[in-house]
Amino acid sequence: LYAQLALADAYTAMQRYGEARYHANQALAVATALRMERAQSESLLRLARICIQTSDWSEGVEASSRAFRIAQRLGARHLSSLAYFWLAAATPTATPTISAQAPESAMGRKRRRTGADPSGEETALSPTELCYQALSLAREIGLVEVEWRAEDLLAQIAMGLDLSGFEDAQTRLRAAVDTLDALRNSLVEAGLTDTLLENEDCLRVYERRVRLLVRAGRLEEGRAFLEHAGWLPLAARFVGEGLQATDS
């Protein structure tokens, strides 16, 4: 089980999604056979992420919805937060709402315990609302990964709007970058090599911040941010655009 989960993560990081999907499915099969519900949820969350990376939206929604239902049943808030996020990410922003299980009320829990309402409560939540749910839970329990991912996705949603969404997108991206910067600093303070931006998802947050500044014509700020990031592969993405970090 754990070998399959680790292989799924490794292949996802390498963007070899066919292999990643295979190992995530293998992990899910083992967890299901052993009736390990938490591992089932974790396997489904990996599948959701892989589906989103390959634009398989419907399967991404299905996997994250299943993961969410298990997490809610277990009372696993960190898995619920992740499921909320991947549900939001699995829904193209052009689609206004999707069907997702909402947090249970006390009455809902009572009905489920007595068998009167085995399916739980359903409601339609937009990607933005799902992000807020994910972010709220993440902040309560200190789940840093969901914090930066949700802020980044909210920024992407805002960037898809007209220019009125610019400031909100900037605020969201600043929050996401601040969270990632804190993680990078903690690596340095621990005497470890700062390799966080080798993670493509993390790097794209920084890239989006620069792209947004360029879009607004704030080139000096974009250049200053590249220097602040101090990551050459990021600067290389802006060669020829007059934004490369200057030599110090």
Side-chain angles (χ1 to χ4, degrees), residues 1-14 17 19-54 56-91 98-106 108-115 117-123 125 129-150 153 179 183 199 201-202:
L1 169 63
Y2 296 113
Q4 298 290 1
L5 290 173
L7 283 165
D9 289 342
Y11 281 120
T12 299
M14 297 165 67
Y17 299 120
E19 291 99 326
R21 186 189 293 254
Y22 169 79
H23 289 292
N25 275 314
Q26 289 296 305
L28 179 59
V30 173
T32 302
L34 296 175
R35 298 183 181 179
M36 296 174 64
E37 287 195 309
R38 173 171 172 165
Q40 287 181 53
S41 185
E42 291 177 343
S43 301
L44 286 163
L45 290 170
R46 284 166 170 81
L47 276 174
R49 178 181 178 184
I50 294 161
C51 290
I52 291 160
Q53 297 286 359
T54 55
D56 189 351
W57 308 117
S58 60
E59 192 171 336
V61 169
E62 172 64 19
S64 48
S65 294
R66 288 174 61 194
F68 181 81
R69 287 192 288 271
I70 294 170
Q72 286 288 94
R73 188 162 61 248
L74 295 175
R77 293 195 296 165
H78 68 297
L79 295 178
S80 294
S81 180
L82 281 162
Y84 270 130
F85 171 76
W86 291 119
L87 268 172
T91 309
I98 62 174
S99 179
Q101 190 176 36
E104 286 185 298
S105 64
R109 287 192 295 272
K110 180 178 179 181
R111 287 175 178 172
R112 182 165 54 78
R113 284 197 302 270
T114 59
D117 184 21
S119 63
E121 300 175 348
E122 298 289 327
T123 188
L125 297 176
E129 291 169 326
L130 288 164
C131 266
Y132 280 128
Q133 293 280 6
L135 195 53
S136 176
L137 266 177
R139 286 173 174 164
E140 284 180 25
I141 61 180
L143 188 55
V144 176
E145 179 187 358
V146 172
E147 288 188 44
W148 67 262
R149 285 190 182 278
L153 185 55
T179 300
L183 289 174
N199 180 312
D201 289 353
C202 297

Tell me the closest heavy-atom pair linking [X] and [Y], and the distance in Å.
X: Arg77; Y: Glu140; result: NH1-OE1, 2.7 Å
X: Ser64; Y: Ala83; result: O-CB, 3.8 Å
X: Ala8; Y: His23; result: N-CB, 3.8 Å
X: Ala24; Y: Ser43; result: O-CB, 4.0 Å
X: Ala134; Y: Val146; result: O-CG1, 3.6 Å
X: Tyr17; Y: Ile50; result: O-CG2, 3.8 Å

Working to the nearest 0.5 Å, report the span between [atom1] of [X] and [atom2] of [Y].
X: Glu42; Y: Leu47; atom1: CD; atom2: CG; result: 12.5 Å
X: Ile70; Y: Leu79; atom1: CD1; atom2: CG; result: 9.5 Å
X: Leu44; Y: Glu62; atom1: CG; atom2: CD; result: 8.5 Å
X: Asp9; Y: Arg46; atom1: CG; atom2: CZ; result: 4.0 Å
X: Trp86; Y: Ile52; atom1: CH2; atom2: CD1; result: 5.5 Å
X: Ser81; Y: Ile141; atom1: OG; atom2: CD1; result: 5.5 Å

(Q) Salt bridge or not between Arg49 and Asp201? Use side-chain N to carboxylate O under 4.0 Å. (A) yes
Side-chain heavy-atom pair [X], [Y] within 4.5 angstrom cut-off:
X: Thr179; Y: Val144; value: yes
X: Thr54; Y: Arg21; value: yes
X: Phe85; Y: Leu130; value: no
X: Cys202; Y: Trp148; value: yes
X: Leu82; Y: Leu143; value: yes

**Q.** Validation row, ring centre Tyr84 to ring centre Phe68 under 6.0 Å
**A.** yes
**Q.** Distance-only donor-acceptor check, side chains Ser80 and Gln72, under 3.5 Å
**A.**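 A donor-acceptor contact under 3.5 Å links the two side chains.
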(Q) Using a 3.5 Å distance criterion without hydrogens, assess whether the side chain of Ser41 forms a donor-acceptor pair with backbone atoms of Glu37. (A)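 It does not hold such a pair.
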